[in-house]
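This one's a predicted model, so the numbers in the text were calculated from it and none came from an experiment.
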Amino acid sequence: MTSLVTESSLTAATRNANFSEARSLLRLAAPIAAIALVSMGMSVTDAAMVALLFGADALAAVAVGSDLYSILYYFGVGIISGLAPFYTAAVVRADADAQIRLQRIGKVCVMLIAALLVPIVWSSPDWLRPMGIEPALLEHGRGYTQAMAVTLVPMLGVVLYRTMLTAAERPRVFLCVTLAMLPLNAAFNYFLMMGAGPMPGLGVAGAGVSSLLVATAILVVLAIIGRVKTRTSNPIQFDWSELFAVVRVGLPIGITAVAEVGVYLGATIYAATLGAADAAAHVLVLRVAGVAYAIPMALLQASMVRMARAETLADPALQHAVTRSSIFLGLGSGFLLFAGLAAVADPLSTAFLGADQIGAAAGLAAGLLLLLGVIELFESPCLAAAGILRGRKDTRAPMLFTIAGNWVIGAPLGIYLCEFQQMGITGVWTGLLVGMAVTTLLTLARLVQTVARPQMPMPRFSRMRRAA
């Protein structure tokens, strides 16, 4: 009888721990998802205002620079994200010196990444010309593209502070700042593109300059909010070993981001060769996918931070609670996204693509939205598992799984189904679905392996500090 009571008490305690951790994950993930949606709203505002004020050709010119900027931006974001588990550990230990040291490391990362990426974006109208993109289009968007190249600098700084605030479980601060900047972005867009009083309009380049001003304003506010105060009188030395450790964790995340974004950008370019109906259906579903992606990505970041906290505390019970709760929420959010996409597939497709000239695309889009729903069934638990692994500083294996799923399996299979099985754009998305399923299975298998073998190798600088 005593053993039964004890077992029942342990089960209840485990259930309560899981429920408590799930609430913590949701409290952290909700504002992160909102931040992603607000940031997306700023991009949509830019595109809508350019199209409204200057027409479709201007929008196409802006899109070239915007897509290149996005790929490189996400690469930089991934590298900076490597700071998160280290910064979370410093916050858990209430080590202000370590927080300041890591903040300086983050700033060095921002400068190094910007020095690499800014020239690439700035010169892109020249080196993209041999790739077959219309020269007039590149010249039309040159001012916007070069403004966005400079915008990379403050935006990477914004990412640094966002990463630190999220690692400290304070994402609501960043959300409030971003919300305040949304109307400012629209106002800057209008005045800079059209001009006001003696100030001449900059045309489509004004949208890029607006992004630069807004990003700089956000960075200044976050730099004030994110200051770390310390009472120590000893100088805080810059630790190059920590910088290398952060890059070792962050670089695979950056490559993973490029592999994820790149396969969908490649699918967009490929879809443009398949005809108007296929291209229109693909673009609509891709926009919906961007909105849906905010939810599993928010769960990934929340899981990473919570697991980093559990690792720092060396609390096996908390580690198991984070793992179970994250996967449960990943499965739950995947089913909710699938149900939501299945419900809106027909009405959404008809609303956007039901006109006579592109009516054939509506049926295609409805089927693609259902495929996207199935993709979310796999993607949500996959990203939750990836977040747990990132919290344990395990990022190289998930990177390889993403590359294998998207580029070794998904993309070739999609082209095969499209070209040889005559499935069109549906074949491309079927390939993406199979690639995501493979990535998910491999990532979950890696997670099971690390749970069974919980002691991950510590970074060299951590071993040195602990020995000291």
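Take Y416 and apply the ring pair (Phe, Tyr, Trp, His ring centres under 6.0 Å) test, not counting sequence neighbours, and it matches F420. A search for side-chain hydrogen bond (donor to acceptor under 3.5 Å, both in side chains) contacts involving S24 returns R27, not counting sequence neighbours. In this view, T268 and H282 satisfy the side-chain hydrogen bond (donor to acceptor under 3.5 Å, both in side chains) rule, not counting sequence neighbours. Remark: Y264 engages W429 in a ring pair (Phe, Tyr, Trp, His ring centres under 6.0 Å) (not counting sequence neighbours). For N189, the side-chain hydrogen bond (donor to acceptor under 3.5 Å, both in side chains) partners at least two apart in sequence or on another chain are D46, S210. Annotation: salt bridge (charged side-chain N to carboxylate O under 4.0 Å, His left out) contacts of R142 (sequence neighbours excluded): D126, E139. Annotation: ring pair (Phe, Tyr, Trp, His ring centres under 6.0 Å) contacts of Y73 (sequence neighbours excluded): Y69.
Looking only at side-chain heavy atoms (C-beta outward), C418 and M423 stay at 4.5 Å or farther from each other. The side-chain heavy atoms of L372 and F338, taken from C-beta on, include no pair separated by under 4.5 Å. Looking only at side-chain heavy atoms (C-beta outward), Y270 and T273 come within less than 4.5 Å of each other. Contact of the V283 side chain with the L286 side chain is not registered, since no non-hydrogen atoms from C-beta on lie closer than 4.5 Å. Between S211 and M148, some side-chain heavy-atom pair lies under the 4.5 Å cut-off. Residues T145 and V121 are in side-chain contact: their nearest non-hydrogen atoms beyond the backbone lie under 4.5 Å apart. At least one side-chain heavy atom of T430 sits less than 4.5 Å from a side-chain heavy atom of L371. The shortest side-chain heavy-atom distance between L364 and V285 does not fall under the 4.5 Å cut-off.
When every heavy atom of T439 is checked against every heavy atom of T443, the shortest pair comes out as O-OG1, 2.7 Å. Here the closest heavy-atom approach between residue R396 and residue P252 is recorded as CG-CG, 3.6 Å. Closest of all the heavy-atom pairs between G431 and L417 is N-CD1, 4.3 Å. V438 and I409 get closest at one heavy-atom pair: CG1-CD1, 3.7 Å. Taking each heavy atom of T166 and P171 in turn, the nearest pair found is OG1-CB, 4.3 Å. When every heavy atom of L25 is checked against every heavy atom of L329, the shortest pair comes out as CB-CD1, 3.8 Å.
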I would like to know whether V150 and W122 meet side chain to side chain contact (heavy atoms under 4.5 Å, CB included); could you show each step before the answer? CA-CA 8 Å; V150 181; W122 181 276; 3.8 Å; yes
Using the rule given for side chain to side chain contact (heavy atoms under 4.5 Å, CB included), can you reason through L341 versus L370, listing the C-alpha separation, both sets of side-chain angles and the distance that settles it, and then say yes or no? CA-CA 6 Å; L341 289 168; L370 289 176; over 6 Å; no
Step-by-step side chain to side chain contact (heavy atoms under 4.5 Å, CB included) determination, M193 to F188: CA-CA 8 Å; M193 286 192 290; F188 279 173; over 6 Å; no
Does the side chain to side chain contact (heavy atoms under 4.5 Å, CB included) test come out yes or no for I79 and I253, once each step is laid out? CA-CA 6 Å; I79 296 176; I253 299 177; over 6 Å; no
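To the nearest 0.5 Å, the span separating CG on L441 from CZ on R446 amounts to 16.0 Å. Rounding to the nearest 0.5 Å gives a distance of 10.0 Å between CD of Q99 and OG1 of T88. In this structure, CG on L251 lies 13.0 Å from CZ on F244, to the nearest 0.5 angstrom. Between the OG1 atom in T426 and the CG atom in L368 there is a gap of 5.0 Å [rounded to 0.5 Å]. For the atom pair CG (D278) and CD1 (I425), the distance works out to 6.0 Å, reported to the nearest 0.5 Å. In this structure, CE on M155 lies 10.0 Å from OG1 on T216, to the nearest 0.5 angstrom.
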Going by atom type alone, with no hydrogens or angles, which donor-acceptor pairs under 3.5 Å involve a side-chain atom of residues 289-302 and a protein atom two or more places apart or on another chain?
from	atom 1	to	atom 2	distance (Å)
Y293	OH	E260	OE1	3.2

Only pairs under 3.5 Å count here: list side-chain donor-acceptor contacts from residues 156-164, not counting sequence neighbours, and write none if there are none.
from	atom 1	to	atom 2	distance (Å)
T163	OG1	V159	O	2.8

May I have the list of side-chain donor-acceptor pairs in residues 374-387 shorter than 3.5 Å, sequence neighbours left out?
from	atom 1	to	atom 2	distance (Å)
S380	OG	E376	O	3.2

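Not one N or O on the side chain of N406 forms a donor-acceptor pair closer than 3.5 Å with the backbone of V263. Between the side chain of T395 and the main chain of V249, a donor-acceptor pair closer than 3.5 Å is present. Under the 3.5 Å distance criterion, the side-chain polar atoms of T450 are matched with a main-chain donor or acceptor of L447.
No more than 12 heavy atoms of other residues, nucleotides or ligands shown are found within 6.0 angstrom of CZ on F328.
Exactly one of M307, M304, Q319 qualifies for a side-chain contact (heavy atoms from CB on, under 4.5 Å) with I388. That residue is M307.
Under the side-chain hydrogen bond (donor to acceptor under 3.5 Å, both in side chains) criterion, the residue pairs touching residues 326-349 are S303-S326, with sequence neighbours excluded. Legend: ring-ring contact (aromatic ring centres under 6.0 Å, His included) pairs involving residues 383-407, not counting sequence neighbours: none detected.
Remark: E169 engages R306 in a salt bridge, criterion side-chain N to carboxylate O under 4.0 Å.
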